[in-house]
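Taking it in order: structure first as structure tokens, then the write-up.
One-based numbering, in listed order, for ligands and for the atoms of each.
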Amino acid sequence: MLSDLQKEIIALKEDKNAIILAHNYQKKEIQEVADFLGDSLELCIKAKEIEDKDIVVFCGVDFMAETAYILNPDKKIIIPDIKAECPMAHMLTGEQVIEAKKRYPDAAVCLYVNSLGEAKAEADILCTSGNALKVVNSLEEDIILFGPDNNLGEYVKDDVDKEIIPIPGDGHCYVHKMFTEADIAIAREKYPGVEILIHPESDKSVQELADHVLSTGGMLSYIKNSDKDEFIIGTEIDIISRLELEVPDKTYYPLLKSAICKTMKLHTLEKLRDCLINEEPTITVPKDIAEKSLSAVERMLEASK
Ligand code: 13P
Ligand code: SF4
């Protein structure tokens, strides 16, 4: 049953002709009022399709809301807490991408969508964890500058016949770095025979010990289509809220209960209500950067069809 605050948010959203998009790592109470839930790729696709709404409320981190703005520069994009940043995205500056391009003039630049607008503006194409292999394989170049996540780069490297050069070289997600080989061993002992699904932002040595390496959206569709009833989940804890909402008849064990993305959790129902009332804080991207980034975003959407 929805709380009074959740009902107030839904009424406000209708009154303002707004749509609420939320990432799979949002708290359960936010997922319950969202119009659309998804991984980074699904949120990009949804953001591109929005035509009949005046306001897009983005419950996710900065790079996701910025991508929604790049695809919808005429729409008002608001975010419940403006401090919701992805620390990994902030590990690669536009200047570092320019420097890397000078060192490797024949390389293509493929950046994870978890990157700043100024870095995206220097990329040839973007990718997400759900389409990285397809995107890199769609490129003609044999050398790919890939960043900021080293682990996603390592994951891609094995399945493509190209040289992957990581930029800046030490980019990582602190949440997925928490998973260790020991966690896998403990989970295997505690839940014998249960499959372990892991996100490609985890260390390669941990990916290798899991049963499947999947984006958050990939985990959801894998579980929906599997005849198994139990899963060990190696990603941010609140993907389990999404799984319990959509596939409630199965059982999920977190690989690590402490795998929490703190900035994703900055959004609360109170802040969501207030941002709908005030129609702020807004997310924008400087016009030149948004224009320069658009082709890399669109190229990714085309390659992932
Ligand atoms: P997904 O695209 O798999 O949702 O991942 C986004 C993200 O930030 C993972 O940490
Ligand atoms: Fe960024 Fe990691 Fe949080 Fe995803 S989980 S938003 S990559 S810090």
Side-chain angles (χ1 to χ4, degrees), residues 21-27 30-31 34 36-47 58-68 79-92 110-116 119-120 126-135 146-153 155-156 168 170-179 197-203 206-207 210 212-223 233-243 246 254-267 283 297 300-301 304:
L21 307 186
H23 186 263
N24 293 331
Y25 296 162
Q26 287 301 298
K27 295 175 188 173
I30 292 199
Q31 296 197 16
F36 184 83
L37 294 165
D39 66 10
S40 308
L41 177 62
E42 292 158 343
L43 291 170
C44 284
I45 294 169
K46 186 69 192 174
F58 211 104
C59 299
V61 285
D62 52 351
F63 73 82
M64 299 177 179
E66 283 174 11
T67 311
I79 188 163
D81 191 321
I82 196 80
K83 293 187 291 304
E85 293 181 343
C86 167
M88 184 197 343
H90 291 259
M91 290 175 187
L92 180 66
C110 176
L111 293 190
Y112 197 16
V113 72
N114 300 38
S115 53
L116 300 177
K120 284 189 176 94
L126 302 184
C127 74
T128 72
S129 51
N131 65 11
L133 286 174
K134 228 174 178 180
V135 164
F146 190 96
D149 188 29
N150 271 12
N151 285 340
L152 185 64
Y155 165 73
V156 167
D170 55 0
H172 65 275
C173 161
Y174 75 98
V175 182
H176 290 87
K177 274 268 177 199
M178 289 181 197
F179 300 120
L197 314 186
I198 197 117
H199 196 277
E201 285 175 15
S202 312
D203 283 343
V206 182
Q207 291 178 29
H212 301 283
V213 183
L214 295 162
S215 70
T216 60
M219 289 184 190
L220 177 73
S221 50
Y222 178 79
I223 289 168
I233 305 296
T235 188
E236 212 270 353
I237 197 84
D238 265 308
I239 181 69
I240 294 182
S241 302
R242 168 105 198 255
L243 293 166
E246 276 182 48
L255 184 57
L256 207 55
K257 282 191 188 141
S258 55
I260 297 170
C261 177
K262 289 191 215 127
T263 44
M264 281 275 183
K265 307 305 174 211
L266 288 174
H267 303 314
I283 288 279
V297 182
M300 164 185 79
L301 293 175
S304 55

Protein heavy-atom partner closest to atom 9 (C) of ligand 1 - residue, atom, separation in Å: Glu201 OE2, 3.1 Å

Applying a heavy-atom cut-off of 4.0 Å, say which part of Glu236 lies close to ligand 1: side chain, backbone, both or neither. neither

Taking ring-ring contact (aromatic ring centres under 6.0 Å, His included) as the definition, give me every residue that meets it alongside Phe63, ordered by chain and number, with sequence neighbours left out. none

Do Asp39 and ligand 1 have an N or O pair less than 3.5 Å apart? no

Cys173 and Met88 have their tightest heavy-atom pair at CB-CE, 3.8 Å

Looking only at protein heavy atoms, which one is nearest to atom 6 (C) of ligand 1, and what is the separation? Ser40 OG, 3.2 Å

If we only consider heavy atoms of His23, is any one of them less than 4.0 Å away from an atom in ligand 1? yes

Taking His176 as the fixed residue, which of Asp149, Thr235, Asp203 is the one that meets the side-chain hydrogen bond (donor to acceptor under 3.5 Å, both in side chains) rule? Thr235

Counting only heavy atoms closer than 4.0 Å, does ligand 1 sit against the backbone of Thr128, its side chain, both, or neither? neither

What pair of heavy atoms forms the shortest contact from Cys110 to Val135, and how long is it? SG-CG1, 3.9 Å

Give me the one residue out of Tyr112, Tyr174, Tyr155 that meets side-chain hydrogen bond (donor to acceptor under 3.5 Å, both in side chains) with Glu201. Tyr112

Look at ligand 1 and say whether Cys173 reaches it with a heavy atom at a distance under 4.0 Å. no

Closer than 4.0 Å to some heavy atom of Tyr25 - which atoms of ligand 1 meet that? 7 (C), 9 (C), 10 (O)

What are the atoms of ligand 2, with element, lying closer than 4.0 Å to any heavy atom of Glu201? 2 (Fe), 7 (S)

Students should be able to answer this: which protein heavy-atom is nearest to atom 8 (O) of ligand 1, and at what distance? Asn114 ND2, 3.2 Å

Taking only heavy atoms of His199 into account, list the atoms of ligand 1 that are under 4.0 Å away from them. 1 (P), 3 (O), 5 (O), 9 (C)

Does His267 reach the main-chain N or O of Asp81 with its side chain, forming a donor-acceptor pair under 3.5 Å? yes

Distance col, row Gln207:CD vs Ser202:OG, nearest 0.5 angstrom, shows 6.0 Å

Indicate the atoms forming the closest heavy-atom contact of Cys44 with Thr67, along with that distance. SG-CG2, 3.6 Å

Identify the two heavy atoms, one from Tyr222 and one from Leu214, that lie closest to each other, and give their separation to 0.1 Å. CB-CD1, 3.8 Å

What closest approach, in Å, do Gly218 and Asp39 show between heavy atoms, and which atom pair accounts for it? N-OD2, 4.3 Å

Note: ligand 1 atoms sitting under 4.0 Å from heavy atoms of Ser129 are 1 (P), 2 (O), 3 (O), 5 (O)

Please check whether Ser215 reaches ligand 1 - meaning an N/O of the residue sits under 3.5 Å from an N/O of the ligand, judged on distance alone. no

Look only at the side chain of Lys83 and the backbone of Thr263, and say whether a donor-acceptor pair between them is shorter than 3.5 Å. no

By residue and atom, what protein N/O/S atoms are less than 2.8 Å from atom 1 (Fe) of ligand 2? Cys86 SG

What closest approach, in Å, do Ile237 and Pro254 show between heavy atoms, and which atom pair accounts for it? CD1-CB, 3.5 Å

With a 3.5 Å distance limit and no angle check, can you tell me whether Lys265 reaches the backbone of Lys27 through a side-chain donor-acceptor pair? no

Can you sort out which atoms of ligand 1 are near His176, meaning under 4.0 Å from one of its heavy atoms? 10 (O)

